[in-house]
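Quick notes on the structure that follows.
Owing to the predicted nature of the structure, the values given are computational and were not obtained by experimental measurement. Per chain, numbering begins at 1; letters A, B, ... match sequence-line order. Computed over heavy atoms, backbone and side chain alike; hydrogens, waters and symmetry mates excluded.
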Amino acid sequence: MSAPADDRLPLGVGPFARLVAAFADSRLALAGLALLLTIALAAAFAPWLAPQNPYDLMQLDILDSRLAPGSPSGDGRLTYHLGTDAQGRDMLSAILYGLRISVVVGVSATVLALLLGMALGLVAGYFGGRFDTLLMRIVDIQLAFPSILTAMILLALFGQGIDKIVIALVASQWAYYARTTRSTAMVEGRKEYIEAARLLGLSTARIVFRHLLPNCLPPLIVVAALQVAAAIALEATLSFLGLGLPVTEPSLGLLIANGFQYLYSGRYWISVFPGVALLLTILAINLVADQLRDVLNPRLQKQ
Amino acid sequence: MPLFVLRRFIQAFNVLFVMSLLVFAGVYAIGSPLDLLVDPQATTEDLARAAAALGLDQPLWVQYWRFLVRAIGGDLGDSFIHGSPALGLILERMPATLELALVAMLIAVLLGIPLGLWAGLHPESIGGRAIMAGSILGFSLPTFWVGLMLIMVFAVQLGWLPAGGRGPTAEVLGLSLSVLSAEGWRHLILPAANLALFKLSLIIRLTRSGTREALQQDYVRYARAKGLSNTRVVGVHVLKNILIPIVTVVGMEFGALIAFSVVTESIFAWPGMGKLLLESITQLDRPVVVAYLLLIVVLYIGINLIVDLLYAVLDPRVRIRRTSE
């Protein structure tokens, strides 16, 4: 156990600065954060970074299909650093575009699930009563069921598409947030500051949103950070199985699926490189989330 | 104890009923399988006849009632595609999936507990850190991706193991099993390792944190003060106490393992019920999907019940609390 990070800071330093200092304690987490930022920037600026637009058929040359990494293109204009797929598409470009879709789907599903679960959990935890009992029953059943099954069944019902996969991911993940929010809200709701706010005659909405909610956030941030990685992995799995995104919106999972059949003939790059991109994304998020959990969890705080 | 078991059974039936309602409503209420099954050039009369034959012309609650009555008799409807009973189709493929899941769980437990114990006893050592780093990686790697890598390395590059399929099976008591022959194991080991990886990481983490916690408890200190050997302290006093959460997780996660075998089975062309589910979803074969889901729910409830009872056996505190209820 090293000395608590707080001791090294002068008094009067804000809570946020303390968090940053505590987070920076782990070099592995910082490396994860750097990797995560790189990935986020690569995803955001994919159209400007990619050597070609992999879905503009005018830019593809079928004669360049299935070239090994490092091969020059037929017209000599660019080098395929990560090889090409069966349509002669530059894998690096396809991965950058795929990363963009994977990240957008994962993040938007997480945000929506967080909002839904948080709202339901707050109401259940603060007011209790029948709604609470009913909600927790549903949450228990939902959590007993593996998320991949829930998502698969919903996609089977709704069909493919970005909006549908986001709905499926939200439906399979909201319960984690509802349960976390509810248990925190129950503990926080009994504390003195909430009682004081009530005695001051503040409106219920003000108490819940201004006083209760901010104090419920730390555990939720940790759950959300871990769930983004889970959402991205689940989307990739579903798309790999052919249930997730349609071929017009190829995420990393779909790219991997497209390369699967070429794996047997030794053309590994079509599957392996998108997989490495997916892996690095998930690993970076998990490293950051792990450290966030240690930093934000009062129970684990050193001393 | 009997009262406790009875109450759990009633609970289980309630959950099953609610799930059957949800599953039925979800799967049957949206979209019509007729578009898929009947020739697009069929007349409206043909369509109506097909709908009547499949019972799709009735109001939803009548369909559910019929479904329920038949379900209690063990008939979950016929597959739209295969024409044979849906439940039969699934049960036929169940031994393959159960075998895969059991072997995967065995790998996870037999490797996970020793590795986790070691990491818990020597948390600062290089080995302990390496084990933890490995388990973080195991959490981060998506199952399907690991499956592809296993195929690429062991089947394509090295050529040691087959890339998919189940290979020859031996019949025992009406079940066809792979674990009895060397060739069967050659087919089984890659998918089982693939399926085991995630649970292995989970068990390593649980065992490690449980060990670290147990080592600080008074009973461990007392056992050491009594002069018991290290082997006995770790093997009996520590291990016995960390087994409780591990048994729970192994039990609870077994259901998830069966569900996740969908992914592994489709990569390794393993002829289990997960692969059947995936095919049925893409072919809109609803009776099979419904039957699969209900079967999974029954499995889950059964597993939970067994875990709860095992709990009472392993942890006297639970036993006392329940008898005093």
Checklist line | Segment of B:Ile258 engaging chain A (4.5 angstrom heavy-atom cut-off) | finding: neither
Checklist line | Part of A:Leu243 within contact of chain B (heavy atom distance under 4.5 Å) | finding: side chain
Next item on the list: Decide side chain to side chain contact (heavy atoms under 4.5 Å, CB included) for A:Leu278 and B:Phe144; before the verdict, give the C-alpha distance in whole Å, the side-chain angles of both, and the deciding distance to 0.1 Å.
Entry: CA-CA 12 Å; A:Leu278 177 68; B:Phe144 76 97; 3.9 Å; yes
Next item on the list: Counting only heavy atoms closer than 4.5 Å, note whether A:Leu154 contacts chain B via side chain, backbone, both or neither.
Entry: neither
Checklist line | Atom pair CH2 (B:Trp145) and CG (A:Leu252), whose distance is rounded to the nearest 0.5 Å | finding: 10.5 Å
Notebook entry, point to check: Heavy atoms, side chains only, cut-off 4.5 Å: are A:Ile148 and B:Val263 in contact?
Noted result: yes
Notebook entry, point to check: Within a reach of under 6.0 Å around CZ of A:Arg100, are more than 12 heavy atoms found that belong to other residues, nucleotides or ligands?
Noted result: yes
Checklist line | CG on A:Leu149 to OH on B:Tyr292, rounded to 0.5 Å | finding: 5.5 Å
Checklist line | Gap separating the CG atom of B:Leu277 from the CE atom of A:Met152, nearest 0.5 angstrom | finding: 4.5 Å
Next item on the list: Supply the atom-to-atom distance A:Leu155 CG to B:Ile281 CD1, rounded to the nearest 0.5 angstrom.
Entry: 8.5 Å
Next item on the list: Measure distances from A:Leu283 to the heavy atoms of chain B and classify the residue's part below 4.5 Å as side chain, backbone, both or neither.
Entry: both
Next item on the list: Supply the atom-to-atom distance A:Leu241 CG to B:Lys275 NZ, rounded to the nearest 0.5 angstrom.
Entry: 12.5 Å
Note to self: With rounding to the nearest 0.5 angstrom, report the CG to CG distance, B:Leu141 to A:Asn286.
What the structure shows: 10.0 Å
Note to self: If I measure from the heavy atoms of chain B, does A:Ala229 come under 4.5 Å with its side chain, its backbone, both, or neither?
What the structure shows: neither
